[in-house]
A.B. asks: 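First, the structure itself, so that you have it in front of you.
The model shown is predicted, which means the values in this text are computed figures rather than measured ones.
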Amino acid sequence: MTEDDDVDDARDEELLTIGAFAARARLSAKALRLYDRMGLLVPDHVDEATGYRYYRTGRTERARLVALLRQLDMPLAKVAEVVHADGPGAAGLLDAYWAGVEARVAGQRTLADYLRGRLSGRNSEVYGKFVVETVDVPGQVVISETRHTLADELPAWIGASLGRLEEAAGECGGVAAAPFVVYHAEVSMESDGPAESCVPVADEAAARTWSEERGRAWQSRVRVEPARRLAYTRITKAQVAHPQILAAFEAVEEWVAAQGLTVAGPCREVYFADWEASGPEDPVCDIAFPVS
């Protein structure tokens, strides 16, 4: 079949008014006009005199696909990416979108549990879901970055700063233990810390050389983290999001007080798992307080 034959077939295919096509595609005429403006589902013919839109019957499949994707609450810009991609590429885009939905729902579920306990006055029930233990951590040489940041900026900065520091650790004898973030003051939507990203390294001399030669670009430094006893609880990736992570911090604080212990330093998050490879319900982080 030649290209001219394809054109002839398209001309021969029935053209439907916007109303008839909307009924067949299970969409509203209003939605079709919006999709036209976005270039998502453009009419096959527009009458120059009347402005009426007409669609080939063969476009029904794409129109129904758009309608189904919208039922997933997928934004129109993302819908456009999916319908314009090839088969495997479109499926990959859908997988990525749905993974984000599942992560968001898992985080919202955790937040709802936390708020339910707080609103009902049964905080102890929420805290009781966290298992708190202690661990003795030896002294460590760390390379670190410190930044004043609000809660909404924090996740992006943690990922970026730990990525930079882990890359730099290759010149400092390698990563010697799990990276962690220390909160020297409160980080919230009103308070900006500061927070300090830390990566333990194996070679202190190499780390100090790296800091002098290349660390200034990110205001990085080298310091020795003293040996500590930590009271900690392990949380999932979904629980890391703010503000649901607050329940974990509060649970550890309550446990420390109940045990007659004293907080002996700033709280921290210890990231021991591969963040990108972890699912919403996978353990990824320890919420910890130094205690004495």
A.B. asks: So, Thr233 side chain and Ala248 main chain: donor-acceptor pair closer than 3.5 Å or not?
C.D. replies: no
A.B. asks: Report yes if the side chains of Cys285 and Val240 come closer than 4.5 Å at any heavy-atom pair, otherwise no.
C.D. replies: yes
A.B. asks: If you compare all heavy atoms of Val291 against all heavy atoms of Leu230, which two are closest, and at what distance to 0.1 Å?
C.D. replies: CG2-C, 4.5 Å
A.B. asks: Is there a path of hydrophobic side-chain contacts, each under 4.5 Å between heavy atoms of I/L/V/M/F/W/Y residues, joining Val270 to Leu162?
C.D. replies: no
A.B. asks: Sequence neighbours left out, cut at 3.5 Å: what donor-acceptor pairs do the side chains of residues 70-82 make with other protein atoms?
C.D. replies:
residue : atom : partner : partner atom : Å
Arg70   : NH1  : Met74   : O            : 2.7
Lys78   : NZ   : Glu81   : OE1          : 3.4

A.B. asks: Hydrophobic cluster membership, with links at side-chain heavy-atom distances under 4.5 Å among I/L/V/M/F/W/Y: are Leu15 and Ile18 in one?
C.D. replies: no
A.B. asks: What closest approach, in Å, do Leu16 and Ala20 show between heavy atoms, and which atom pair accounts for it?
C.D. replies: CB-CB, 4.2 Å
A.B. asks: If you round to the nearest 0.5 Å, how far is CD of Glu133 from CG of Asp286?
C.D. replies: 9.5 Å
A.B. asks: Between atom OH of Tyr54 and atom CZ of Phe21, what is the distance when rounded to the nearest 0.5 Å?
C.D. replies: 14.5 Å
A.B. asks: Same hydrophobic cluster for Val182 and Val137, using side-chain heavy-atom links shorter than 4.5 Å among ILVMFWY?
C.D. replies: no
A.B. asks: Do the side chains of Ile245 and Gln239 get nearer than 4.5 Å, heavy atoms only?
C.D. replies: no
A.B. asks: Please find the pair of heavy atoms, one from Ser197 and one from Leu165, that lie closest to each other, and give the distance.
C.D. replies: O-CD1, 3.4 Å
A.B. asks: Do Thr57 and Arg24 pass the side chain to side chain contact (heavy atoms under 4.5 Å, CB included) test, and can you show the C-alpha distance, the side-chain angles, and the key distance before you say yes or no?
C.D. replies: CA-CA 9 Å; Thr57 56; Arg24 182 172 296 194; 3.3 Å; yes
A.B. asks: Does CZ in Arg229 sit with more than 12 non-hydrogen atoms of other residues, nucleotides or ligands closer than 6.0 Å?
C.D. replies: no
A.B. asks: Could you report the tightest heavy-atom contact between Gln140 and Phe180, atom names first, then the distance?
C.D. replies: OE1-CE2, 3.6 Å
A.B. asks: Assess Arg234 against Phe272: is NZ or CZ under 6.0 Å from the centre of the six-membered ring, and within 45 degrees of the ring's axis?
C.D. replies: yes
A.B. asks: Looking only at heavy atoms, what is the nearest atom pair of Val181 and Tyr271, with distance?
C.D. replies: CG2-CE1, 4.1 Å
A.B. asks: State whether Arg223 and Glu196 are salt-bridged, where the test is any N-O pair (Lys NZ or Arg NE/NH1/NH2 against Asp/Glu carboxylate O) under 4.0 Å.
C.D. replies: yes
A.B. asks: Mind checking whether Val101 and Trp98 have side chains closer than 4.5 Å, heavy atoms only?
C.D. replies: yes
A.B. asks: Calculate, to the nearest 0.5 Å, the distance between atoms CD and CZ belonging to Glu250 and Phe130 respectively.
C.D. replies: 9.0 Å
A.B. asks: Test side chain to side chain contact (heavy atoms under 4.5 Å, CB included) on Asp282 and Lys237 and set out the steps.
C.D. replies: CA-CA 6 Å; Asp282 292 331; Lys237 187 174 182 178; 5.6 Å; no
A.B. asks: Is the closest side-chain heavy-atom distance between Ile287 and Tyr232 below 4.5 Å?
C.D. replies: no
A.B. asks: Can you see which heavy atom on His148 is nearest to which on Pro194, and at what distance?
C.D. replies: CE1-CD, 3.6 Å
A.B. asks: Are Ser161 and Glu145 close enough, and set up right, to give a side chain to side chain donor-acceptor pair (under 3.5 Å), and what steps lead you there?
C.D. replies: CA-CA 7 Å; Ser161 60; Glu145 287 184 28; 4.9 Å; no
A.B. asks: Is there a side chain to side chain contact (heavy atoms under 4.5 Å, CB included) between Val201 and Val175? Walk through the geometry before answering.
C.D. replies: CA-CA 5 Å; Val201 295; Val175 177; 5.9 Å; no
A.B. asks: Quick one: OH on Tyr52 to CG on Asp47, what's the gap to the nearest 0.5 Å?
C.D. replies: 8.5 Å
A.B. asks: What residue among Cys172, Pro179, Cys198 forms side chain to side chain contact (heavy atoms under 4.5 Å, CB included) with Val142?
C.D. replies: Cys198
A.B. asks: Are the side chain of Ser278 and the backbone of Asp274 linked by a donor-acceptor contact shorter than 3.5 Å?
C.D. replies: yes
A.B. asks: Is Arg208 salt-bridged to Glu213, going by a charged N under 4.0 Å from an acidic O?
C.D. replies: no
A.B. asks: Is there a path of hydrophobic side-chain contacts, each under 4.5 Å between heavy atoms, that joins Leu65 and Tyr97?
C.D. replies: yes
A.B. asks: Would you call Arg26 and Arg64 a side-chain contact if the rule is heavy atoms closer than 4.5 Å?
C.D. replies: yes
A.B. asks: When rounded to the nearest 0.5 angstrom, what is the spacing between CD in Gln259 and CD in Glu254?
C.D. replies: 11.0 Å
A.B. asks: Going through the distances and angles, do Tyr183 and Glu269 end up as a side chain to side chain donor-acceptor pair (under 3.5 Å)?
C.D. replies: CA-CA 9 Å; Tyr183 296 99; Glu269 299 166 6; 2.9 Å; yes
A.B. asks: With a 4.5 Å heavy-atom cut-off, do Pro200 and Val141 have their side chains touching?
C.D. replies: no
A.B. asks: Flag the pair Leu40 / Val66 as yes when at least one side-chain heavy-atom distance between them is below 4.5 Å, and no otherwise.
C.D. replies: yes
A.B. asks: Please answer: with hydrophobic residues joined when any side-chain heavy atoms are less than 4.5 Å apart, are Leu94 and Leu41 in the same cluster?
C.D. replies: yes
A.B. asks: Run Glu225 and Arg268 through salt bridge (Lys or Arg N to Asp or Glu O under 4.0 Å) and show every step you take.
C.D. replies: CA-CA 13 Å; Glu225 175 78 4; Arg268 60 203 58 208; 2.6 Å; yes
A.B. asks: Could you pull out every donor-acceptor pair under 3.5 Å between side chains of residues 28-38 and any protein atom, sequence neighbours left out?
C.D. replies:
residue : atom : partner : partner atom : Å
Ser28   : OG   : Ala31   : N            : 3.0
Asp36   : OD2  : Arg53   : NE           : 2.8
Asp36   : OD2  : Arg53   : NH2          : 3.4

A.B. asks: Drop me the distance from Arg221's CZ to Thr146's OG1, to the nearest 0.5 angstrom.
C.D. replies: 5.0 Å
A.B. asks: Report yes if some heavy atom in the side chain of Arg164 is under 4.5 Å from a heavy atom in the side chain of Glu167; otherwise report no.
C.D. replies: no
